[in-house]
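Data block below; observations after.
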Amino acid sequence: MSKNSSETIKDKQKKLKDRALNAQNKRAIYGPDIDISPPSEATDEASLSSLKDLEKRLAEASLLAGIDVDEKNRSGSFFQRGNSVIYEGIKDAYQGKIEVLTIENALEKYSWLWDYWWSLVPVDMDKYTALVELYGRGGYFIRILPGAKIEEPIQSCLLLPENDSSQLVHNIVVAEEDSQAQIITGCTGAPTVNKGYHLGISEFFIKKGASLSFTMVHNWAEDFHVRARTGVQVEDEGTFVNNYLLLQPVRSIQAYPRIMLTGRGARARSNTVVFGQKEADLDLGSLIELNGENTSGDAISRALSTDSSRVMMRGRLLARSNTSKAHLECKGMILSHSSCMNAVPELWVEGAPQADMTHEAAVGPVSQEAVEYLMSRGFTEEESVAAILQGFLQVDMEGLPDILEEMLQKTLGKLVKSSL
Amino acid sequence: MCGKRKGGCEVLEIENLTVSAEGEEILKDISLDIPGGQIHILLGPNGSGKTTLLRTIMGLGNLRVEKGRIIFKGQDITHMPVDQRARLGIGIAMQKAPVIPELTLGELTNMMGEKHGGTRNASQYSQQLNCDYLQNRPFNENFSGGEMKRGELLQLLIQDPSLILVDEPESGVDLDNISVVGEALRNLLKARREVEKERSGLVITHTGNIMDYLNADRGYVMLKGRILCSGNPRDLFEEVEKHGYEGCKECQKILQKQ
Ligand SMILES: Nc1ncnc2c1ncn2[C@@H]1O[C@H](COP(=O)(O)OP(=O)(O)OP(=O)(O)O)[C@@H](O)[C@H]1O
Ligand SMILES: [Mg+2]
């Protein structure tokens, strides 16, 4: 890493601030524009010595977002409540193999981190990135050390405890060479919290031969706005698996992670499973850039829309190497008359005529013929639709913890019943 | 429990059934009875209405019963929803079942096993019908003709209905698999016949091959939406084989009268 003297860091900080100031009113390309006033002063919450000391209502909320407050099957944990990081810890067995820190502390500890900071997501991309630079507090720094094989997932929870509050975070994950790990991030409001916004920047660095699976669960509520900006860089023979689950109501979410496969043989798989309900306005998908030789990628989206939700499923594969191979799937099922769904699958090839790129897109209702067929086998209409929807949303999510798998099934069962 | 017509115990009674689809009459004044334990065979040229009759009995599709009644074990099911009919004990092996990309064959048969008495049966039947290698494939997606037929029969075996409706079980099935399919059907029908009397079937065939496996009791020839003649299924089939449907003397007599 380059040597960053305090002088050059200050210089860098100033440049970032300036760019952010200039972008404060810059609208995002995708998603509805939301008006965000700068967040009010942050309150400092007392930190915990164990996640078990969490208030019951917060513990329950985080459980539903895949967080294990007992930390039993987790290697490390990070917990941010509003603007305050209240817990960070690593199990003894993993000391020296992983690091979990609040981002501000990490930037102080490692001057090299300034070279990563805002390197994959431009600070002036739009007003949301700008706001995070100007007013952001917290976010995690997770680092898996070279060669470390971490069996148990690292978990992080970003929780909004109060109504009408906000969270602006910037996360950095570094998977060092030949490391292996899984991260679960649960973003959630506390049970009675209905309104707020969450802006999250995430930058992932997957070094040579490293493998990281990242699962994000979003559990917001009807009046929440969420904007996520994510950049991922995967080096030679690295693997990045991204799972995104949204099963609860939300007002609007827009995210379009950019995964750059720069190294030879780098791989990525991005799974997006979303359920649009109530007034939700969802604009989700991912972009995989296949720059290196022998890179491969899969971007799989499954969406259901009901009530008067709007779901935009995007996906773009961009091949720049003749030996790249990638597949894109956008599939949606519409369950109500007043919901909308758009699938926008894009295949781009730049100077790589041999690249092997395929896509599949389908948007439609549940097949009546299939429902009738199952009914002719003795299943009720409800059972038939439920079976089809469950099957539809079942995508192979590598690294999805059992608890989330179970939760997905349970939630689905409930959602299907209520949507009939 | 059972209908008391002609003194017998009928599992299925169809009375003067007229059925239309999209405003067009497809079945005209069909009547037939299947007593418990009997297997009846339906013959007839393409488009004569055989599949429509089976689908009407099952309660499938956009078919409208204009006239007549369908009685199953003494109960009028003419307007009953399809799933209720299935739960009463009617099962169908379709001529052309839909593709369900959301479910694998294994998921589907497991669901059925849970519903109809044991997933152990499901795997045993799957083996018997040579379907094991299809378990993880999306249901009917790119299945060959024979694979689709075996998938249909596999489900019938698990479902174990008391009236089975089978639409061309042997079409598109190679000789080896005809015996697999035929044996399965025979077991389904015969084994039950010993236990309970009322296990019955209505089977559509073009080739007649399936009759080598089933002891069919009666046959019908359908033409243009009507049942024109009935009788010993083997005799009927021979007649049709020799002279074709249009050459069936009995049918011609009836046609000329009209
Ligand atoms: N839902 C429908 N709407 C309109 N026409 C229909 C419908 N279902 C069947 N038909 C027509 O009714 C007629 C009888 O069809 P059916 O499938 O019952 O014939 P089949 O005797 O089974 O023929 P095959 O031997 O080719 O299977 C055909 O002309 C068919 O096109
Ligand atoms: Mg037919």
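First the proteins, then the strands, lettered A, B, ... as listed; each starts at 1.
- Looking at A:L374, the atoms closer than 4.5 Å to chain B (heavy atoms on both sides) all sit in the side chain, from C-beta outward.
- Heavy atoms only, all atoms of each residue included: B:V181 and B:P169 are closest at CG1-O, 3.9 Å.
- Residues satisfying the side-chain hydrogen bond (donor to acceptor under 3.5 Å, both in side chains) test with A:N73, not counting sequence neighbours, are none.
- By the 4.5 Å heavy-atom criterion applied to side chains, A:Y244 and A:H218 are counted as neighbours.
- Scanning all heavy atoms of the two residues, the minimum distance from A:N219 to A:L64 falls at ND2-O, 2.8 Å.
- With a threshold of 4.5 angstrom between heavy atoms, B:L60 approaches chain A through its backbone and through its side chain.
- Nearest heavy-atom pair, A:L328 versus A:G315, reported as atom, atom and distance to 0.1 Å: CD2-O, 3.5 Å.
- Ranked by heavy-atom pairs under 4.5 Å with chain A, the first of B:P101, B:G61, B:P138 is B:G61.
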Return one line per donor-acceptor pair between chain A and chain B under 3.5 Å, naming both atoms and the distance rounded to 0.1 Å.
from: A:E372; atom 1: OE1; to: B:G61; atom 2: N; distance (Å): 3.3
from: A:E372; atom 1: OE2; to: B:G61; atom 2: N; distance (Å): 2.6
from: A:Y373; atom 1: OH; to: B:E152; atom 2: OE2; distance (Å): 2.4
from: A:Y373; atom 1: OH; to: B:Q155; atom 2: NE2; distance (Å): 2.9
from: A:R377; atom 1: O; to: B:H116; atom 2: NE2; distance (Å): 2.8
from: A:R377; atom 1: NE; to: B:Q155; atom 2: OE1; distance (Å): 3.0
from: A:R377; atom 1: NH1; to: B:I92; atom 2: O; distance (Å): 2.7
from: A:R377; atom 1: NH1; to: B:Q159; atom 2: OE1; distance (Å): 3.1
from: A:R377; atom 1: NH2; to: B:I92; atom 2: O; distance (Å): 3.0
from: A:R377; atom 1: NH2; to: B:E152; atom 2: OE1; distance (Å): 3.0
from: A:G378; atom 1: O; to: B:R87; atom 2: NH1; distance (Å): 3.1
from: A:E383; atom 1: OE1; to: B:K115; atom 2: NZ; distance (Å): 2.8
from: A:E383; atom 1: OE2; to: B:K115; atom 2: NZ; distance (Å): 3.1

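- Here the closest heavy-atom approach between residue B:L156 and residue B:P161 is recorded as O-CD, 3.4 Å.
- Using modelled atom types, one finds no donor on one side chain facing an acceptor on the other under 3.5 Å when comparing A:S309 with A:Q277.
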